[in-house]
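Report on the following structure.
First listed ligand is number 1; within each ligand, the first listed atom is number 1. Every heavy atom of this structure was used, including side-chain atoms; hydrogens, water molecules and symmetry mates were not.
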Amino acid sequence: MYVARVFLAGVGLLLAAGGCAKESPKAGQTAFKRADGSRPNVVLISIDTLRRDHLGCYGYPRATSPRIDQLATEGAVFENMVSSSSWTLPAHAAMFTGLADTVHGALEITSRLPDDRVTLAERLKELGYTTVGFFSGPPLYPAYGLGQGFDAYVDCTSYPELSAQSAVAGVTRGGPLHHAARKDITGPRVVERVQAWLSGDTSRPFFMFIHLWDVHPDFVPPPPYDRMFDPDYAGTETGEDFLFSPTVNPAMPKRELEHIIALYDGEIAWTDAHVGKILDDLDARKLRDSTIVMLLSDHGEEFLEHGSKGHRHTLFDELIRIPLIVRYPGYIAAGQRYGEQARMIDVVSTLLALVNAPPPADVMGQSLAPLFVGGKLAGDTLAISELFSYGHQLRAFRRPERKLIRDEQAGRLGVVDLRADPGEHKPVGDASSPLVRAALHDGELGTKWLDDFKRIVPRTTTAPQLSDDVRRQLESLGYLRGKDE
Ligand SMILES: [Zn+2]
């Protein structure tokens, strides 16, 4: 459902005017209009659970990401990209809709992105794009509404019966699908299906969404990635059952935790190699110059930085600060790095601007494309991250220099000075300090923004469309208990 623009007037300065790319010399043409009038292809790669700070192009010392690093040198890198949440479903829903989590409505594993939310795939389809999505983890199942707008939405898990919502007899806790998602190795399957699709007719512009799951726990990369970053380890940690293993706890020996992280890094290197195969395939088909590649993740992962592990439990930066890389040869200068804060809700507007489409009015995000032509962002860059799942009711209001985290249920809040305390361990104690006052103002501003948009894009149904069998299986996989996805 498209919201008439007339309703959007007067919503406030935070409403970004997306797609404000600096005009080229020819009146009426933007910098992203292609000379032959064609539209570029769009490949959107989401690597689940990938921490920004574990990539070489973001300063990580290990060689986890040679292919992503290469992509970064060929395109633009955003230093301050913030997700809408710390887990998979709401983050992808924000990526696809340009709306904050409590506005798009897909907040819980039992909720669904309402059908009347307009997705990026739907917008691009309306522009004449062929749309295809490849997903490889449970929260991307069509049952959650994320397949809206895709001509084909391809299940790349090894247990596709789960996503089909059909009854699967005999699967209970501890059954054959228990831990299936965590043990699944999906990279080769995704690449194979992407390549098969690309071998077909690509004469029309296409939008391809690719979701890669293998960085998500468990951390069991295949050889040689299993020993790549810790070849001398002789202990007993395997990376299996990371989320529930009692030996992975705040009191564990540092050496053992180092090994777990080395396995996580191995998963990144393994996945990076698969990203490389996809990029190579685009090159082999001579699609590089006509294709925008955007790579990001949905959230990060905690390795006991704040006393816990996994994701979907806090809104600290190890979970919400994510990578964002955009390559578009000829239109985005290679090697650019931007310090402006970018947000998950900006993905839709940015990609629409890059394909030279009119800016969407019914989204909360703004286009980052003006930066690519030397311009400035049109609107505020305040990032709102939310976690309304598994009993949490948390909101974070972030700017590159400060963050307010509010527990909406308990009525508690904390402010951190991200310049002085990037690890977020020492909340600012002086309530009268300018930084705290500014952060509290961010909270007021952001709350009003959310309230305004909830009126503009009223919440309809988020009723789950999960069968009892699927619900039982999700429970057996641990999803209804929380702690991951
Ligand atoms: Zn995820």
Side-chain angles (χ1 to χ4, degrees), residues 44-55 81-97 101 104 106-113 133-147 155-157 162-163 179-187 190 209-220 242-244 264 267-268 270-271 274-275 294-303 308-324 343-345 347 385-390 392 394 474 477-485:
L44 176 61
I45 302 173
S46 171
I47 302 179
D48 213 293
T49 320
L50 175 62
R51 278 176 70 134
R52 164 196 180 283
D53 60 355
H54 280 240
L55 294 175
M81 170 68 169
V82 182
S83 185
S84 69
S85 190
S86 57
W87 69 289
T88 312
L89 172 58
H92 281 93
M95 187 193 302
F96 287 176
T97 63
D101 295 0
H104 64 57
L107 290 170
E108 256 294 7
I109 196 67
T110 51
S111 63
R112 168 188 169 88
L113 181 68
F134 299 90
F135 66 94
S136 53
L140 275 290
Y141 286 170
Y144 297 117
L146 296 177
D155 188 340
C156 298
T157 70
L162 254 181
S163 63
H179 295 311
R182 298 204 186 99
K183 288 186 181 298
D184 203 9
I185 295 174
T186 63
V190 172
F209 168 69
I210 302 169
H211 171 242
L212 289 157
W213 175 258
D214 292 340
V215 179
H216 188 284
D218 291 349
F219 307 131
V220 284
F242 167 71
L243 295 166
F244 301 104
Y264 173 76
E267 292 279 26
I268 295 174
W270 155 259
T271 302
H274 289 83
V275 169
M294 178 181 278
L295 183 142
L296 75 178
S297 69
D298 54 349
H299 53 79
E301 185 76 347
E302 182 183 351
F303 294 98
S308 192
K309 56 184 174 177
H311 51 271
R312 196 186 176 193
H313 58 287
T314 76
L315 293 173
F316 292 118
D317 270 10
E318 62 266 15
L319 296 189
I320 64 166
R321 202 173 171 196
I322 55 174
L324 177 65
R343 305 159 300 182
M344 190 63 98
I345 57 170
V347 167
S385 303
E386 298 176 288
L387 180 61
F388 283 74
S389 173
Y390 192 42
H392 299 291
L394 298 177
L474 286 166
L477 288 163
Y479 292 118
L480 299 184
R481 287 184 282 148
K483 212 63 186 120
D484 57 357
E485 297 95 44

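Not counting sequence neighbours, the partners of Phe316 by the ring pair (Phe, Tyr, Trp, His ring centres under 6.0 Å) test are His306. Shown here are the side chain to side chain contact (heavy atoms under 4.5 Å, CB included) partners of Ser85, two or more places apart in sequence or in another chain: Trp87, Pro90, Asp101, Leu387.
His311 lies apart from the Zn ion (ligand 1) in this respect, since none of its N, O or S atoms is found at a distance under 2.8 Å. Put simply, Thr88 gets within reach of the Zn ion (ligand 1), with an N, O or S atom under 2.8 Å from it.
The N, O or S atom of Asp298 with the smallest distance to the Zn ion (ligand 1) is OD2. Nearest N/O/S atom of Asp48 with respect to the Zn ion (ligand 1) is recorded as OD1.
Between the side chain of His313 and the backbone N or O of His311, at least one donor-acceptor pair lies under 3.5 Å.
A tilted orientation is assigned to the rings of Phe242 and Phe303, their planes being inclined by 30° to 60°.
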